[in-house]
Amino acid sequence: MTELERQLEILSRGCVELLPEGALAEQLALALKVGRPLRVKAGFDPTAPDIHLGHTVLLYKLAQFQRLGHEVILLIGDFTARIGDPTGRSETRPPLSEEAIRKNTETYTAQVFKILDPERTRVVFNGDWLGRFTLVDLLTLCAKYNVAPMLTRDDFSKRYKAGHPIAIHEFLYPLMQGYDSVALEPDLELGGSDQTFNLLVGRDLMRAYGQKPQSIMTMPLLEGTDGVRKMSKSYGNYIGVTEAPDGMFGKVMSLSDELMLRYMELLTDWDLERVRAEHPMAAKQRLAMEFVARFHGREAAEAARDAFVARFSKREVPDDLPEVNVPCPQGDMWLPDVLVAAGMPSKSEARRRIGAGAVYVDGERVTDEQARLAAGGTYLVKAGKRSMWRVTLTWAHG
RNA sequence: GGGGAGGUGCCCGAGCGGUCAAUGGGAGCGGACUGUAAAUCCGUCGGCUACGCCUACGAAGGUUCAAAUCCUUCCCUCCCCA
């Protein structure tokens with residue numbers, strides 16, 4: 001396999017589209033011949049405070065470029081975030097405050113370098129040039145694009161036909177994003193598959209400004225832990241990169257087998273054929289380790305795995321059990337009251353769990369709703385697979 | 001500007017004077033089976049030591065022995081015409 005083939009294989013893994021066809025191969029061939037790395041741009045609007053695994057699909061791809069020696073430009077859309085990308089929206093986005101953007105930018109950049117090599121990443125902010133745009137600059141920019149292609153976009157055309165408002169500035173979003181490419185002159189821009197239109201506008205604008213148009217690589221939007229909808233905080237199906245090791249490990253372990261392969265495809269460079277031959281659980285543990293290590297380090301990953309295996313595979317009692325101290329005004333306490341004190345949302349819920357046979361005290365299943373625990377003792381209380389505490393009933397005068 | 005429809009539990013969505021804490025589906029939760037997977041099956045899904053009581057059907061009032069269901073006002077969504 002030649003170096004060109006090797007790079008092409010790594011880089012094209014998982015991606016949805018490479019436009020125009022064959023462009024990347026040509027660019028790579030030239031880059032290798034001349035010894036000049038490709039300049040790759042990817043933009044992120046700091047519209048949310050934290051990033052999740054879904055965002056890291058692009059970052060991982062950028063890291064792959066880096067490892068092959070290419071130049072990565074990470075564009076922070078601090079200016080474009082103020083408008084908000086209208087892509088896929090059925091209505092105008094509310095604008096973000098500068099304050100929120102600034103804060104998000106901080107956390108973003110911190111989290112991004114868990115994946116990217118900071119030494120080899122150029123971070124730029126589009127506020128640096130878009131913030132200085134004059135009206136003349138803007139008019140020049142606008143003169144280089146047409147309304148017609150804007151209206152062919154699915155989201156805009158739906159809104160237009162339905163008579164829903166499209167604010168003029170929403171047309172400006174793709175133009176500004178495209179202008180970023182004019183300002184940075186990348187060889188290739190990487191984006192989510194929902195960004196295809198915006199990325200193509202970048203090509204058109206570069207051409208219009210007399211530059212060599214960038215090629216385009218789009219990546220799929222990662223499915224969330226439900227395996228259906230795209231990963232998103234608002235769907236609650238996400239794995240955040242700042243999540244605690246144990247929680248992250250557990251979430252990965254509960255992915256379906258099929259989804260696990262999808263995550264591996266997009267977020268690792270592992271040989272999927274080989275993974276398929278493995279026991280799915282072993283493979284999943286490896287993936288969980290990989291993610292935890294990526295964001296929290298090797299040691300944390302090992303600890304998370306050990307805790308997981310002990311707790312769920314061997315069903316041992318974890319040693320970091322939450323300790324709960326419950327003041328007990330009498331000689332003993334009604335079990336549902338104890339459960340509520342430990343963290344159950346309500347006594348009704350506690351009684352339901354007892355009735356369902358989910359409650360164990362010191363390893364013994366309790367099915368009697370009227371059960372009471374004596375004050376002064378410490379008990380191992382379990383109320384379903386995810387709720388377990390070490391409860392101490394402290395005798396206290398009421 | 002004119003006309004019409006509607007706001008119900010986490011979500012979707014029935015109910016249109018009592019038998020409604022409110023059918024059904026989804027999500028969630030628990031149990032069984034497991035690899036804390038998927039699939040499947042069963043159960044549960046406002047609160048309260050409960051064959052009863054309290055709080056709930058956009059908000060506030062009102063009519064009734066009795067209202068999610070009727071009336072009034074208000075708030076908010078959506079659709080059609082111009």
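Chain naming here is simple, since letters A, B, ... match the order of the sequence lines and numbering starts at 1 in each. The basis for the numbers below is simple: all heavy atoms, side chains too, and nothing from hydrogens, waters or symmetry mates.
Nearest approach of M176(A) to F79(A), heavy atoms of both residues: SD-CE2, 3.9 Å. When all heavy atoms of G77(A) and D45(A) are compared, the pair lying nearest together is CA-OD1, 3.5 Å.
Atom CD1 of I168(A) has 12 or fewer heavy atoms from other residues, nucleotides or ligands within 6.0 Å.
In RNA chain B, consecutive stretches of 3 or more Watson-Crick or G-U wobble pairs with both distances under 3.5 Å are given as paired ranges: B:1-7 with B:75-81, B:10-12 with B:24-26, B:28-32 with B:40-44, B:46-48 with B:52-54, B:58-62 with B:70-74.
The side-chain hydrogen bond (donor to acceptor under 3.5 Å, both in side chains) test applied to Q211(A) returns no partner, not counting sequence neighbours. Listed by chain and number, the residues in a side-chain hydrogen bond (donor to acceptor under 3.5 Å, both in side chains) with D78(A) amount to none (sequence neighbours excluded). Residues passing the side-chain hydrogen bond (donor to acceptor under 3.5 Å, both in side chains) test with S387(A), sequence neighbours excluded: none.
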Could you go through residues 17-34 of chain A and list every donor-acceptor pair under 3.5 Å that involves a side-chain atom there, pairing it with any protein atom two or more places apart or in another chain?
from, atom 1, to, atom 2, distance (Å)
Q27(A), OE1, S215(A), OG, 2.8
Q27(A), NE2, D187(A), O, 2.8

List, one per line, each side-chain donor-acceptor pair under 3.5 Å for residues 53-61 of chain A, sequence neighbours excluded.
from, atom 1, to, atom 2, distance (Å)
H55(A), ND1, H52(A), N, 2.9
T56(A), OG1, L53(A), O, 2.6
Y60(A), OH, D269(A), N, 3.2
K61(A), NZ, I10(A), O, 3.3
K61(A), NZ, L11(A), O, 2.8
K61(A), NZ, R13(A), O, 2.9
K61(A), NZ, Q64(A), OE1, 3.0

Tabulated below should be each protein N or O lying under 3.5 Å from an N or O of nucleotides 22-28 of chain B; please produce it.
none

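Within a heavy-atom distance below 4.0 Å of RNA chain B, the residues of residues 274-282 of chain A found are P280(A), M281(A). Listed in residue order, the members of residues 283-308 of chain A having a heavy atom less than 4.0 Å from RNA chain B are K284(A), F308(A).
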**Complete:** Once base and sugar-phosphate atoms are separated, protein heavy atoms under 4.0 Å mark nucleotides 38-54 of chain B, 5' to 3', with B, S and - as ------SS-SBBB----
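Taking the six-membered ring for Trp and the full ring otherwise, Y145(A) and F171(A) have centroids separated by 6.0 Å or more.
Among residues at least two apart or in separate chains, ring-ring contact (aromatic ring centres under 6.0 Å, His included) pairs with a member in residues 263-311 of chain A are F249(A)-F308(A), F308(A)-F312(A). Residue pairs meeting the ring-ring contact (aromatic ring centres under 6.0 Å, His included) criterion with at least one member in residues 352-392 of chain A: none, sequence neighbours excluded.
Along RNA chain B, the nucleotide nearest R353(A) and the nucleotide nearest D246(A) are compared for position; the residue whose nucleotide lies closer to the 5' end is R353(A).
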